[in-house]
Every structure is written in structure tokens, then in C-alpha cells.
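Just so we're on the same page: letters track the sequence lines, and every chain starts at 1.
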Number of protein chains: 2
Amino acid sequence: MFSIGELSKRTNVKVPTIRYYEVMGLMPEAERTSGNQRRYDKAGLERLSFIRHARDLGFSIEAISSLIELQEHPDRSCEAATKIATSQLEGVRTKIKRLRTLEKELSRISKGCDGEGVSEDCYVLASLADHNLCDREH
Amino acid sequence: MFSIGELSKRTNVKVPTIRYYEVMGLMPEAERTSGNQRRYDKAGLERLSFIRHARDLGFSIEAISSLIELQEHPDRSCEAATKIATSQLEGVRTKIKRLRTLEKELSRISKGCDGEGVSEDCYVLASLADHNLCDREH
DNA sequence: CTTGAACCTCTAGCCACTAGAGACATTACA
DNA sequence: TGTAATGTCTCTAGTGGCTAGAGGTTCAAG
Ligand SMILES: [Zn+2]
Ligand SMILES: [Zn+2]
Ligand SMILES: [Zn+2]
Ligand SMILES: [Zn+2]
């Protein structure tokens with residue numbers, strides 16, 4: 001049994017974040033000492049590692065809730081888990097596409113001015129003022 | 001002179017968002033009718049278009065504030081504008097890198113399970129529980 | 001037994017909006 | 001001119017995923 005600070009160190013999740021996960025229902029309500037402090041065991045550590053890993057991969061709290069729910073019912077179909085993962089992947093791909101478009105425009109805009117002129121003639125400012133200077137939609 | 005709704009239509013920025021920009025100091029305080037409703041002119045339209053475009057490119061409200069400030073002083077050096085743009089570009093590139101790593105892991109995880117089994121044997125859930133199954137850091 | 005670190009709860013703040021309540025203004029049409 | 005529909009006003013609160021701080025209590029080492 002270890003404290004919340006110890007759990008925090010082992011998982012690299014900050015103490016207030018662990019408490020937040022408890023409030024959100026991701027972490028179960030921890031056992032308490034007689035003085036009301038949280039104590040965790042291996043199960044708590046594994047649960048938090050799962051959450052941390054999923055968060056690192058960009059899953060939302062809500063998605064993680066569903067995944068944990070599934071995990072706690074080993075006999076249920078895992079269809080939902082796969083769906084959550086593929087939709088997460090799709091979301092990431094959409095974001096990448098969007099960012100690549102932005103990257104191209106921003107790169108063009110940045111290159112257009114060396115920062116040695118005056119605001120009036122600045123290509124950065126002109127570009128922002130006029131989307132027609134952009135190469136594509138974004 | 002046109003209403004906030006009209007401005008909204010022309011810029012595709014929602015009405016409450018326009019008011020929000022005013023509170024944030026991005027939009028100047030609009031003129032008012034005798035009945036206290038906002039009225040805008042060409043200058044307001046151009047300002048909002050600038051903001052919209054910059055937001056579409058991912059600039060923060062704070063960054064846009066600085067850019068507008070520069071724009072209003074045509075004689076100042078545009079160095080700051082270039083810096084803001086390049087740091088925005090850098091931020092986008094960092095995000096893309098991160099997302100590409102995530103994409104690879106998520107793609108592997110997704111492929112690992114067709115969703116026809118049972119939660120206990122689910123590769124998606126197993127992967128989330130154990131970062132050692134991942135190919136790289138993320 | 002004392003000190004100091006760690007812990008507790010609660011509230012508020014971050015960003016860039018978005019939604020809703022309840023009241024007032026404007027516009028179109030009869 | 002009357003009226004009804006739509007638009008607008010301000011204000012407050014909510015979103016997601018935390019993070020920071022206040023003010024108090026508990027624990028562990030020496
Ligand atoms: Zn410039
Ligand atoms: Zn553009
Ligand atoms: Zn599965
Ligand atoms: Zn991993």
C-alpha cells in the first residue's frame with residue numbers, strides 16, 4: 001500500500017490529476033487511512049498506468065471510461081474497444097491532414113518576410129489580412 | 001453600416017464569438033444604434049476577417065492581439081510579426097511530429113484486433129495496459 | 001515530541017468559445 | 001399603425017483536462 005505521492009512518482013501523473021481522475025470516475029475511490037489519506041495497491045497502479053497510457057495516445061476521458069468499463073467485464077465483446085481505437089486513429093489522421101495544410105501556408109507566410117522591414121510592408125501581416133494570398137483552403 | 005448578424009454572415013464568425021472578441025480586445029468597441037445594438041462598417045469587417053484568418057491558421061488570441069497592434073502602427077519594425085509566425089510554424093511542426101508517432105502506434109493497436117473477440121483477449125486493451133507493446137516512445 | 005513534508009478539501013483559473021435565460025430592438029408585412 | 005417574428009442585448013455558466021492556491025490536517029523521521 002502506498003500513498004498518492006508514491007503513485008504519482010511511479011506513473012508520472014501529478015497528484016492533483018490523480019484526484020481529478022477519481023472525481024471523474026476513472027480511478028476507483030481509494031481506500032483511506034484512519035487519517036483520511038488515500039492508499040493504493042498494485043491494482044491502483046495498473047489502473048493509473050492504463051489511464052496514463054491512453055491519455056498519452058490522445059484518448060479522451062470519456063473514451064477511457066468506456067475502455068475501462070470493458071476491461072472490467074472480460075466476457076463482453078470487445079467491438080466497442082476497437083471502434084474507439086479506430087475512431088481515435090481517424091481523428092489523429094484528420095488532425096495531421098489539417099496541420100499539414102497549415103504548415104504549408106505558415107511556411108509560405110514565414111518565408112515571405114525576413115522581419116527587417118516595416119509593419120506596413122510586412123508580408124506576414126498582408127497574408128493574414130488576405131486569404132486570397134493563400135495557396136489553398138485551410 | 002450593418003448589424004452583428006450581418007457581419008457574422010459575411011465572415012462566418014458566430015455572433016457570440018464576435019462579442020467575445022470585443023471583450024478580449026481584438027475587436028474595437030463597436031458603434032451603437034440608439035437602441036444599443038452594434039453597427040459595423042468596412043473597417044470592422046476587415047478586422048474580423050483578419051482575426052478569423054489568423055485563428056484558422058491556429059494563432060492564439062494573444063498572438064493576434066500583438067499582430068493587430070503592429071498592424072495599427074505601420075511605421076514599426078515587423079520583426080515581432082515574423083517571430084510570431086515562425087514560432088507558430090514551429091508549434092505546428094512539433095504537433096505534426098507528435099501526431100505522426102501517435103498515428104503509428106494507434107494504427108498498430110487498431111490492426112491488432114478485429115473486434116470480434118472478447119474483452120479479455122483484446123489486443124487494444126492489452127496494448128493500452130502495457131506500453132512495452134509499443135514500438136516507440138510517444 | 002517536534003519539525004517539515006506530504007496530504008486533505010474546496011474554489012478558481014486556463015483557452016476559445018458555446019449555450020441559455022430573460023429582456024429589449026428592429027423589421028416586415030397587413 | 002399594429003403586431004408578430006426575428007434579431008440583439010447582457011449576464012451567467014458550461015466545455016475538457018487539468019493546474020494553482022488557500023487553509024487546514026496527518027504522517028514519518030529524528
Ligand atoms: Zn514582416
Ligand atoms: Zn488563408
Ligand atoms: Zn478487441
Ligand atoms: Zn505506448
Worksheet item: DNA chain C: E6(A) or P16(B), which has the more 5' nearest nucleotide?
Response: E6(A)
Worksheet item: Is the charged tip of R10(A) near the ring of F2(A): under 6.0 Å from the six-membered ring centre and within 45° of its axis?
Response: yes
Worksheet item: Tell me, do L57(A) and Q88(A) make a side-chain contact under 4.5 Å, heavy atoms counted?
Response: no
Worksheet item: Is K95(A) close to K95(B) at the side-chain level, that is, under 4.5 Å between some pair of heavy atoms?
Response: no
Can you identify which nucleotide, out of [options], has its nearest atom closest to the [X] side chain?
X      : options                  : value
S3(B)  : dT18(C), dT19(D), dT8(D) : dT8(D)
R32(A) : dC9(D), dT19(D), dT9(C)  : dT9(C)
V15(B) : dC17(C), dT19(D), dT8(D) : dT8(D)

Interatomic distance where [atom1] belongs to [X] and [atom2] belongs to [N] [whole Å]:
X      : N       : atom1 : atom2 : value
M1(B)  : dT8(D)  : CE    : P     : 14 Å
I18(A) : dT9(C)  : CD1   : P     : 13 Å
M27(B) : dC17(C) : CE    : C1'   : 16 Å
Y20(A) : dG17(D) : OH    : P     : 6 Å
F2(B)  : dT8(D)  : CZ    : P     : 12 Å
M24(B) : dC14(C) : CE    : C1'   : 12 Å
K9(A)  : dC7(C)  : NZ    : P     : 8 Å
E29(A) : dC8(C)  : CD    : P     : 13 Å

Item to complete: Heavy atoms under 4.0 Å is the rule here; annotate nucleotides 21-30 of chain D 5' to 3' with B where the base is hit, S where only the sugar-phosphate is, and - elsewhere.
Response: -----SS---
Worksheet, complete the sentence: Expected list for residues 41-72 of chain B near DNA chain C, using heavy atoms below 4.0 Å, is R55(B), S60(B), I61(B)
Practice prompt. List in numerical order all residues of residues 89-99 of chain A for which some heavy atom is under 4.0 Å away from an atom belonging to DNA chain C.
Written response: none
Fill in: Residue closer to the 5' end of DNA chain D, R19(B) versus Y21(A) (nearest nucleotide)
R19(B)
Practice prompt. Output all residues satisfying salt bridge (charged side-chain N to carboxylate O under 4.0 Å, His left out) with E31(A), sequence neighbours left out; order by chain, then residue number.
Written response: none
Indicate if [X] and [Y] have the same hydrophobic cluster label, given that clusters are the connected sets of ILVMFWY residues with side-chain heavy-atom separations under 4.5 angstrom.
X       : Y       : answer
I64(A)  : L133(B) : no
L70(A)  : M24(A)  : yes
Y123(A) : F59(B)  : no
I84(A)  : I51(A)  : yes

Discussion item. Run the side-chain contact (heavy atoms from CB on, under 4.5 Å) test against R52(B) and tell me which residues pass, sequence neighbours left out.
Written reply: N12(B), V13(B), D56(B)
Worksheet entry | E90(B) bridged to R93(B) by N-O distance under 4.0 Å | no
Worksheet item: What pairs with H131(A) under ring-ring contact (aromatic ring centres under 6.0 Å, His included), at least two apart in sequence or on another chain?
Response: H138(A), H53(B)
Fill in: Phosphate OP1/OP2 of dT19(D): any K14(A) side-chain N/O under 4.0 Å
yes
Discussion item. Looking at R108(A), I want to see if its CZ is surrounded by more than 12 non-hydrogen atoms of other residues, nucleotides or ligands under 6.0 Å.
Written reply: yes
